[in-house]
Amino acid sequence: MVKAEKTAISPTRQEDYSEWYQQVIKASELADRSPVRGCMIIKPWGYALWENIVWVLDAMFKDTGVKNAYFPLFIPLSFLEKEAEHVEGFAKECAVVTHHRLEKGMDGGLVPAGSLAEPLVVRPTSETIIGDAFANWISSYRDLPLLINQWANVVRWEMRTRIFLRTSEFLWQEGHTAHATEQEAIERTRMMLDVYTRLAEEYLAIPVIQGRKSAAERFPGAVDTLCIEAMMQDRKALQAGTSHFLGQNFAKASGIKFQSAQETEQFAWTTSWGVSTRLIGGIIMTHGDDNGIIVPPKVAPSHVVLMPIIRKPEDRGKVIDYVNHLAAQLRQQQFSHQNIRVETDDRDIGGARGWEWIKKGIPIRVEIGPKDMEKNAVFVGRRDRPPKEKESIPRNRFVAEIGMMLEDIQNNLFERAKIFQKDHTCDIDNQKNFYDFFTPKSSDTTEIHGGFARSHWCGSEKCESKIKEDLSVSIRNIPFTTEKSESGSCICCGKKSDCRVIFAKAY
RNA sequence: CGGGGCGUGGCGCAGUCUGGAAGCGCACUUGAAUGGGGUUCAAGGGGUCGGAGGUUCAAAUCCUCUCGCCCCGACCA
């Protein structure tokens, strides 16, 4: 038996996937858990990753005419009551502020005092308060479309939390738009889903499946919910972005009315759409390996780290000089319309230094010592290849080609993830095979099994919930590509179906 | 909120059954050696054992209560 190579993260993905996930976050210094239940402290490396996502998305939003604004963290309780389904969906997970003052209590501790006349809900999402603002801003068809986005934090009091994937507080953006016509709102819903798809695939290197949610999985209060679904390495699905067509539901609830060119009073058609810090969890679980995270170059906090190798103290000055010059040269180079982001790390901590950067997933590591200087070369390791596989490259060539190398890593990550998704997606038409597919082979709870099953579904909520109950498998979405494209029979009841849907276990 | 597991220096753990001076590895600090490398040696710093009660001459260990985390469900971006 071959001895397993030592990995930087233990347990490995194979041994215990969820524990691996926690350990990667710790080892890569993305985040810490906080003293507050279910909340996280996003550390600089993780926050820089988020900032890059924000940067990319924000530009894409603005390209479609969206403007940023900011709305209050607190929502009057009465606002939330306005849309019936919406309340029902969120009521259970709302944090509520009932007091506005603390006083010394009997035992010397502080106790809430001064109760509020109307309790305030900490936003779980902002449809209602933004709807209220929209009602004030809109009076004529000339005010439409209204295209607004806000970058914010929201709070959802979840029963079970998982860092980045489901925390009580998380960072996100929520876009809210109002339109004069149904058609235009529907188009906007789809347009934003396409923006999310581009973010996921072109920037995060996460292949996704675009589709529509079933009625049961729809956003509370929405007429239609579109989403992108990605496959993680444990073969579970992660909803990576959603875009909702809200019809006139929220317009009616908040009184978003306008006068048309024909002088009639009409309710506007609205949409909302969002992605969150959950995407970071998606990056970890799509690209990470047993040595840590791998950050896609286009959103990497830093692209390259330069590590001087100093053998003798007298070499120090010139090696550092060489490294500094190289850093300056690299910073002149461009990748994905941005300057190359360079770190230099001259800590004298031996091999641990290189491993720290591997765990953090920096795309390129460069070692530079006197020998390289003599040859006017650099010694380069790529994060998409094994840690020991490093090569000497002439300095000038490295500087000239670093952009291409990053592009190559970016493409590799995407291709790998695509192949993985393809390998674990299959068409299943037989009920027994379907149940086998989603049933672990052993009693070991950490066994990785299943994947995406493309199977027929008759459209009934009954079949959907039966499968969910039997296997904890849900309909992730009805892909646009398979919608009404093929007839068959429902995997659950056998009745006629006109399309395949994606079934999977989900985060 | 139900079922299971776990809380011991920053991280990973042993010690708990069978009560008897808080340990180990990694990390950290200092010194030296080494020098394409998770290196070696030496000397250090750091923990009221999640918290609160109780039993006892004596509690990390036994009892009661509590808080938190992880996994599996229900809920969800």
Side-chain angles (χ1 to χ4, degrees), chain A residues 6-11 16-23 26-27 29 32-38 88-93 124-125 154-174 196 213 216-220 225 227-230 237-244 272-282 291 307-313 315-316 319 348-359 365-373 377-381 387-388 390-392 440 443-446 465 468-469 471-472 474 505-507:
Chain A
K6 194 177 173 192
T7 58
I9 304 296
S10 84
D16 186 344
Y17 195 81
S18 20
E19 186 56 27
W20 166 84
Y21 177 76
Q22 308 288 128
Q23 294 302 330
K26 205 177 284 177
E29 292 181 16
D32 273 347
R33 43 180 15 88
S34 80
V36 183
R37 190 195 125 86
E88 209 181 310
F90 285 108
K92 284 170 297 213
E93 49 193 54
T125 179
V154 287
V155 169
R156 296 182 186 175
W157 215 263
E158 301 286 351
M159 288 184 169
R160 193 175 148 199
T161 57
R162 281 170 79 79
I163 196 156
F164 283 123
L165 298 173
R166 184 171 301 105
T167 41
S168 295
E169 180 192 16
F170 57 92
L171 306 185
W172 79 344
Q173 59 66 216
E174 46 181 323
Y196 291 153
K213 283 291 190 195
E217 301 274 334
R218 217 176 264 152
F219 176 75
T225 289
C227 66
I228 50 176
E229 295 282 330
L238 182 78
Q239 180 175 306
T242 48
S243 186
H244 315 290
S272 70
W273 23 275
V275 297
S276 71
T277 36
R278 164 177 258 206
L279 286 172
I280 295 174
N291 291 318
M307 297 180 282
I309 306 284
I310 295 151
R311 201 183 301 182
K312 306 184 204 97
D315 287 340
R316 187 174 181 88
V319 175
D348 186 14
I349 54 171
R353 179 174 59 170
W355 280 98
E356 272 187 26
W357 289 105
I358 289 171
K359 287 186 275 193
R365 306 181 310 280
V366 183
E367 295 167 10
I368 298 148
K371 276 195 235 165
D372 304 293
M373 289 173 59
V378 292
F379 204 62
V380 178
K388 307 260 152 123
K390 296 181 261 193
E391 59 173 338
S392 183
S443 55
D444 187 352
T445 52
T446 62
S465 66
K468 194 163 185 182
E469 206 161 296
L471 298 165
S472 332
S474 53
K505 295 195 178 177
Y507 277 101

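Quick note on labels: first sequence line is chain A, next is B, and so on, each numbered from 1.
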Which base, if any, makes a Watson-Crick or G-U wobble pair with B:rA27, both distances under 3.5 Å?
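Across all strands, not a single nucleotide pairs with B:rA27.
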Under the salt bridge (charged side-chain N to carboxylate O under 4.0 Å, His left out) test, which residues partner A:E29, sequence neighbours left out?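 Result, salt bridge (charged side-chain N to carboxylate O under 4.0 Å, His left out) vs A:E29: A:K360.
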Problem - Contacts of type salt bridge (charged side-chain N to carboxylate O under 4.0 Å, His left out), residue A:K213, not counting sequence neighbours - result: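 Applying salt bridge (charged side-chain N to carboxylate O under 4.0 Å, His left out) to A:K213 gives A:E229.
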- B:rG7 and B:rG50: how far apart are their P atoms, nearest whole angstrom?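 That atom pair is separated by 8 Å.
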Polar-atom pairs under 3.5 Å, protein N or O versus N or O of nucleotides 9-11 of chain B: list them with distances, or write none.
unit_1 : atom_1 : unit_2 : atom_2 : d
B:rC11 : O3'    : A:K26  : NZ     : 3.4

Any N or O donor-acceptor pair under 3.5 Å from the base of B:rG35 to the side chain of A:D315?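 For A:D315, whose side chain was compared with the base of B:rG35, there is no donor-acceptor pair (under 3.5 Å).
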Position toward the 5' end of RNA chain B (nearest nucleotide), A:N291 or A:R37: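 Looking at the nearest nucleotide for each, A:N291 comes out on the 5' side.
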5'-most contact on RNA chain B: A:T167 or A:A352, nearest heavy atom basis?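 Closer to the 5' end of RNA chain B: A:A352.
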Query raised in the report: Would you say A:R162 reaches B:rA77's phosphate, i.e. side-chain N/O to OP1/OP2 under 4.0 Å?
Result: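 Checking B:rA77 against A:R162, no side-chain N or O comes under 4.0 Å of OP1 or OP2.
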Enumerate the protein-to-nucleotides 40-42 of chain B contacts in which both atoms are nitrogen or oxygen and the separation is below 3.5 Å.
none

- Any idea which of B:rC70, B:rG38, B:rG36 is nearest the A:E367 side chain?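 Per side-chain heavy atoms of A:E367, the pick is B:rG36.
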Nearest-nucleotide pick for A:I349, side chain only, options being B:rC71, B:rG36, B:rC28 =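 For the A:I349 side chain, the nearest candidate turns out to be B:rC28.
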Query raised in the report: Got a sec, which residues hit ring pair (Phe, Tyr, Trp, His ring centres under 6.0 Å) with A:F219, two or more places apart in sequence or on another chain?
Result: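 A:F219 satisfies ring pair (Phe, Tyr, Trp, His ring centres under 6.0 Å) with A:H86, A:F90, A:H244 once adjacent residues are dropped.
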Set of residues satisfying side-chain contact (heavy atoms from CB on, under 4.5 Å) with respect to A:R316, sequence neighbours excluded:
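Only A:I310, A:I320, A:D346 meet the side-chain contact (heavy atoms from CB on, under 4.5 Å) criterion with A:R316.
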